[in-house]
Amino acid sequence: MKHLLDSHTHTVASGHAYCTLLEMVRAAADQGLELICITDHAPAMEGTTCPDYFANLGVIDREIFGVQVMAGVELDLLDSEGHVDLDHRLLARTDMAIVSLHTKCIPTGDTAEAYTNGLVRAMEDPYINIIGHPDDGRYPLDYPTLVRAAADHGVLLEVNNSSLTPGGFRQNAPVHCAEMLKICKKEGVPVVIGSDAHFFSYVGRHQYAEALLKELDFPEELVLNRDPAAFRAVIQTKRAQARKG
Ligand SMILES: [Zn+2]
Ligand SMILES: [Zn+2]
């Protein structure tokens with residue numbers, strides 16, 4: 001299966017990533033991708049950029065080196081009520097938004113019910129498009145509930161290649177990701193692979209995610225990386241709810 005988009009990448013603006021936006025897009029072009037999402041960490045992440053970075057995303061060309069660029073954000077889930085770290089005024093300036101659980105922004109040690117409820121409440125927000133790396137054993141999740149909510153709210157669940165890399169720092173990620181994918185397969189719920197690249201050479205590298213999908217005989221038509229237009233349509237449909245009010 002040819003993958004044409006990477007939904008999750010970071011630039012120097014994130015504070016702990018090492019390439020510029022142009023270098024990341026150049027890498028996407030070199031990998032033969034048609035679309036890259038630039039998703040720098042939102043302000044609650046230690047050392048990342050400021051709110052004005054997101055306010056000014058409009059200045060970025062949306063096509064560079066022949067690659068479509070979506071200027072987005074990786075938000076932090078802050079609590080079990082679904083609060084995140086950018087307000088609607090700033091989220092409206094982004095093209096797409098991922099929300100993830102990070103140890104610097106939400107404590108570990110709570111229940112699956114609490115973390116799942118936080119993500120489900122966040123999904124109700126029309127600006128939220130992807131749940132990032134829902135695979136970390138430090139944040140247990142109720143996968144049947146998470147998958148159902150993703151389907152109900154038009155949100156994509158991420159298969160994070162970085163999590164699945166051997167020796168990855170998220171706890172037992174392959175096991176949790178497989179559990180989620182089996183439910184997605186059974187229920188026909190689409191997913192998207194993100195590299196979570198923090199350096200140009202990881203852009204479009206989805207090999208561990210692809211291996212897991214293959215192992216599970218996961219249906220190709222549910223993997224949106226093969227179809228940038230379908231990926232955009234999912235995001236546009238969700239965000240149209242914000243414009244309606
Ligand atoms: Zn990061
Ligand atoms: Zn993350």
Side-chain angles (χ1 to χ4, degrees), residues 5-21 23-25 27-28 36-51 53-54 57 70-80 82-86 91 94-108 110 115-116 118-119 122-123 125 127-141 146 150 155-165 167-174 176-177 180 191-206 208-209 212 225:
L5 74 92
D6 191 339
S7 60
H8 188 163
T9 67
H10 295 271
T11 76
V12 278
S14 283
H16 58 261
Y18 305 93
C19 295
T20 65
L21 185 146
E23 288 163 343
M24 297 303 272
V25 180
I36 183 171
C37 299
I38 302 289
T39 53
D40 281 306
H41 287 288
M45 177 64 77
E46 194 176 86
T48 191
T49 188
C50 60
Y53 177 85
F54 299 99
L57 288 176
M70 294 185 84
V73 59
E74 184 181 16
L75 300 163
D76 297 286
L77 184 75
L78 301 175
D79 55 40
S80 62
H83 292 107
V84 297
D85 51 348
L86 272 191
L91 279 171
T94 65
D95 297 336
M96 48 80 70
I98 302 172
V99 62
S100 308
L101 293 141
H102 294 121
T103 52
K104 292 220 160 62
C105 304
I106 187 167
T108 56
D110 212 334
Y115 296 127
T116 305
L119 289 177
M123 284 192 227
D125 187 308
Y127 287 105
I128 303 299
N129 305 111
I130 296 175
I131 302 299
H133 45 82
D135 55 26
D136 187 341
R138 295 172 298 179
Y139 297 109
L141 293 169
L146 189 78
V155 169
L156 296 170
L157 297 167
E158 179 187 80
V159 181
N160 186 292
N161 195 69
S162 170
S163 296
L164 299 172
T165 302
F169 65 90
R170 296 186 187 113
Q171 202 173 82
N172 295 326
H176 299 122
C177 190
M180 177 183 84
V191 299
V192 68
I193 304 172
S195 68
D196 203 355
H198 286 63
F199 193 61
F200 81 95
S201 54
Y202 292 81
V203 172
R205 274 209 210 155
H206 295 159
Y208 301 111
L212 181 60
N225 301 75

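Just follow the structure's listing: the first ligand is 1, and inside any ligand the first atom is 1. Note that the structure is predicted; figures quoted are calculated from it, not measured.
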Legend entry - Note, Y53 side chain near T48 side chain (heavy atom, < 4.5 Å): no

Legend entry - Contact flag H10/the Zn ion (ligand 1), N/O/S atoms, threshold under 2.8 Å: no

Inset, instruction - Return the orientation label for the H10 and H16 ring planes: parallel under 30°, perpendicular over 60°, tilted otherwise. - result: tilted

Inset, instruction - Taking 2.8 Å as the upper limit, name the protein N, O or S atoms near the Zn ion (ligand 2). - result: E74 OE2, H102 NE2, H133 NE2

Legend entry - Those residues that, when tested against E23, pass side-chain hydrogen bond (donor to acceptor under 3.5 Å, both in side chains) (two or more places apart): T20

Legend entry - Set of residues satisfying side-chain hydrogen bond (donor to acceptor under 3.5 Å, both in side chains) with respect to D6, sequence neighbours excluded: S195

Inset, instruction - Answer whether the closest heavy-atom distance between the side chains of D95 and L57 falls below 4.5 Å. - result: no

Legend entry - Metal-centred angle, NE2 of H16 through the Zn ion (ligand 1) to NE2 of H198, rounded to 10 degrees: 100°

Legend entry - D196 versus H8, side-chain donor and acceptor atoms under 3.5 Å: yes

Inset, instruction - Taking side-chain hydrogen bond (donor to acceptor under 3.5 Å, both in side chains) as the test, write out the residues that go with N225, two or more places apart. - result: none

